[in-house]
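Heads up: the structure comes next, in structure tokens.
Because only heavy atoms are used, hydrogens play no part in the values below, and waters and symmetry mates are left out as well, while side chains stay in. This is a predicted model, so every value here is computed, not measured. Numbering of ligands and ligand atoms starts at 1, following listing order.
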Amino acid sequence: MGKQVIIATKNKGKAKEFVSMFSPYGIEVKTLLDIPNAPDVEETGTTFKENAILKAETISGEMNTIVIADDSGLAIDALEGRPGVYSARYAGEEKNDEANMDKVLMELKDIPGEDRTARFHCALAVAVPGEETITVEGTCDGHILFERQGTNGFGYDPIFFVKEQGKSMAELSSSEKNKISHRAKALQQLKDRIDTIIVKGE
Ligand SMILES: O=c1[nH]c(=O)c2ncn([C@@H]3O[C@H](COP(=O)(O)OP(=O)(O)OP(=O)(O)O)[C@@H](O)[C@H]3O)c2[nH]1
Ligand SMILES: [Mg+2]
């Protein structure tokens, strides 16, 4: 009882997935959505890992507690890895998932199915006051569809097809996505260090 993790995200889709993934451990998830006036950390890194460290260390420094951050995104081979670290803001500063998907579909409109390979990346950073930051990463392979399929998830999920499941990421239930996703694979690597990432426990 009383176990918590703090995740430095303002993304509702990520927050929901972390709540589901931590609930079997009886760990409550707090995010920046629960903290009024939480600062926006500028994501100036060139890699997912750098940005995850930046977010975790900044918020951990301000709160003086253990903080986890997630930096993630979609890398499309035919676009030389774009949208990459710019996934959230690919079509503009306002972070619009629909506009982002439209932009990707437009850019890939002449690319045939076999050349539409892509992968999701997730870097997690755990900043512990006075200790070295821990990082882990996970990926999930797939390809980009020609149109949206499914309504679950967030971000680019409706246009990302996962071959093993024979479904788009947005057609998977949340429990299915949370078994195979880039985020789940990254988090899996923190499982044996779960005591390191908990902030409160009694
Ligand atoms: O279809 C998707 N399924 C996923 O599972 C997923 N994970 C990440 N993404 C995309 O990558 C951006 C992250 O950018 P990001 O790590 O900077 O997060 P963000 O700015 O949205 O929130 P924050 O955590 O920084 O507060 C997101 O907005 C999405 O566009 C995903 N898309
Ligand atoms: Mg961000």
Side-chain angles (χ1 to χ4, degrees), residues 5-21 29-35 38-60 67-76 79 81-105 118-127 135 137-145 148-162 165 167-187:
V5 292
I6 297 173
I7 316 234
T9 184
K10 292 188 181 181
N11 181 309
K12 290 187 182 122
K14 289 184 190 178
K16 207 171 149 221
E17 292 180 13
F18 282 114
V19 168
S20 305
M21 291 191 287
V29 171
K30 289 270 184 245
T31 69
L32 300 185
L33 298 166
D34 305 314
I35 301 170
D40 272 316
V41 180
E42 234 192 300
E43 297 177 29
T44 53
T46 56
T47 62
F48 299 111
K49 184 173 159 178
E50 278 173 26
N51 282 332
I53 293 172
L54 214 53
K55 290 189 270 191
E57 290 186 349
T58 305
I59 303 298
S60 173
V67 168
I68 305 171
D70 167 314
D71 200 71
S72 45
L74 177 64
I76 300 172
L79 302 178
R82 288 190 318 268
V85 292
Y86 305 109
S87 292
R89 296 180 168 81
Y90 197 43
E93 268 309 303
E94 71 284 359
K95 296 193 186 178
N96 183 322
D97 288 344
E98 297 304 322
N100 288 342
M101 283 191 283
D102 285 339
K103 182 169 178 182
V104 163
L105 290 175
R119 70 206 44 77
F120 277 123
H121 287 258
C122 174
L124 297 178
V126 186
T135 58
E137 296 191 69
T139 61
C140 180
D141 286 316
H143 66 259
I144 305 301
L145 293 164
R148 292 163 172 79
Q149 269 179 221
T151 54
N152 300 332
F154 70 100
Y156 299 87
D157 283 343
I159 59 169
F160 188 89
F161 190 81
V162 196
Q165 324 294 318
K167 286 178 185 173
S168 82
M169 203 71 122
E171 291 174 313
L172 300 178
S173 67
S174 76
S175 71
E176 285 174 318
K177 178 177 175 184
N178 292 336
K179 283 194 189 95
I180 59 116
S181 77
H182 45 308
R183 187 161 294 108
K185 287 180 191 160
L187 189 59

Salt bridge (Lys or Arg N to Asp or Glu O under 4.0 Å) between R148 and D157, worked out | CA-CA 9 Å; R148 292 163 172 79; D157 283 343; over 6 Å; no

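A distance of 5.5 Å separates NZ of K14 from CG of D71, quoted to the nearest 0.5 Å. The line from CD of E17 to OG of S72 is 9.0 Å long, rounded to the nearest 0.5 Å. The distance from the CG atom of L105 to the OH atom of Y156 is 10.5 Å, given to the nearest 0.5 Å.
Within ligand 1, the atoms closer than 4.0 Å to a non-hydrogen atom of D70 are 16 (O), 24 (O), numbered from 1 in the order shown. Per-residue contacts place T9 under 4.0 angstrom from the following atoms of ligand 1 (heavy atoms of the residue considered): 22 (O), 23 (P), 24 (O), 26 (O). In the vicinity of D71, heavy-atom distances shorter than 4.0 Å reach the ligand 1 atoms 15 (P), 16 (O), 17 (O). The distance from ligand 1 to the heavy atoms of G155 drops below 4.0 Å at these ligand atoms: 1 (O), 2 (C), 32 (N). Set against the non-hydrogen atoms of K55, the atoms of ligand 1 under 4.0 Å away are 15 (P), 16 (O), 17 (O), 23 (P), 24 (O), 25 (O). Applying the 4.0 Å criterion to heavy atoms of F120 picks out, from ligand 1, the atoms 1 (O), 2 (C), 3 (N), 31 (C), 32 (N).
Residue-to-ligand polar distances place K14 within reach of ligand 1: an N/O pair is separated by less than 3.5 Å.
Within 6.0 Å of the CD atom in E94, the count of heavy atoms belonging to other residues, nucleotides or ligands exceeds 12.
Ranking the protein heavy atoms by distance from atom 13 (C) of ligand 1 puts S72 O, 3.1 Å first. Ranking protein heavy atoms by distance to atom 27 (C) of ligand 1, first place goes to N11 ND2, 4.1 Å. At the shortest separation from atom 5 (O) of ligand 1 among protein heavy atoms lies K177 NZ, 2.8 Å. Protein heavy atom in closest approach to atom 7 (N) of ligand 1: R183 NH2, 2.8 Å. Given atom 26 (O) of ligand 1, the protein heavy atom at minimum distance is K10 N, 2.9 Å. Looking at atom 20 (O) of ligand 1, its nearest protein heavy atom turns out to be K95 NZ, 2.9 Å. The protein atom (non-hydrogen) at minimum distance from atom 17 (O) of ligand 1 is E43 OE1, 2.8 Å. Of the protein's heavy atoms, F154 CE1, 4.0 Å lies nearest to atom 9 (N) of ligand 1.
Here the shortest heavy-atom distance to atom 1 (O) of ligand 1, taken over Y90, Y156, Y86, belongs to Y156.
Proximity of F160 to ligand 1, defined as any heavy-atom pair under 4.0 Å, is not found for any part of the residue. In H182, the part holding a heavy atom less than 4.0 Å from any atom of ligand 1 is the side chain.
The Mg ion (ligand 2) sits nearest to atom OE2 when only the N, O or S atoms of E43 are considered.
Of the possible donor and acceptor atoms, none in the side chain of N51 sits under 3.5 Å from a partner among the backbone N and O of F48. Under the 3.5 Å distance criterion, the side-chain polar atoms of T58 are left unmatched by any main-chain donor or acceptor of K55.
Taking the six-membered ring for Trp and thresholds of 30 and 60 degrees, F120 and F160 have ring planes inclined between 30 and 60 degrees apart. Taking the six-membered ring where tryptophan is involved, the planes of H143 and F161 are tilted, since the angle between them lies from 30° to 60°.
N11 and T9 form no side-chain donor-acceptor contact under 3.5 Å, judged by distance and modelled atom types alone.
Checked options Q149, M169, M101; the residue passing with I159 is M101 (criterion: side-chain contact (heavy atoms from CB on, under 4.5 Å)).
Using a 4.5 Å heavy-atom cutoff, the side chains of C122 and D70 are in contact.
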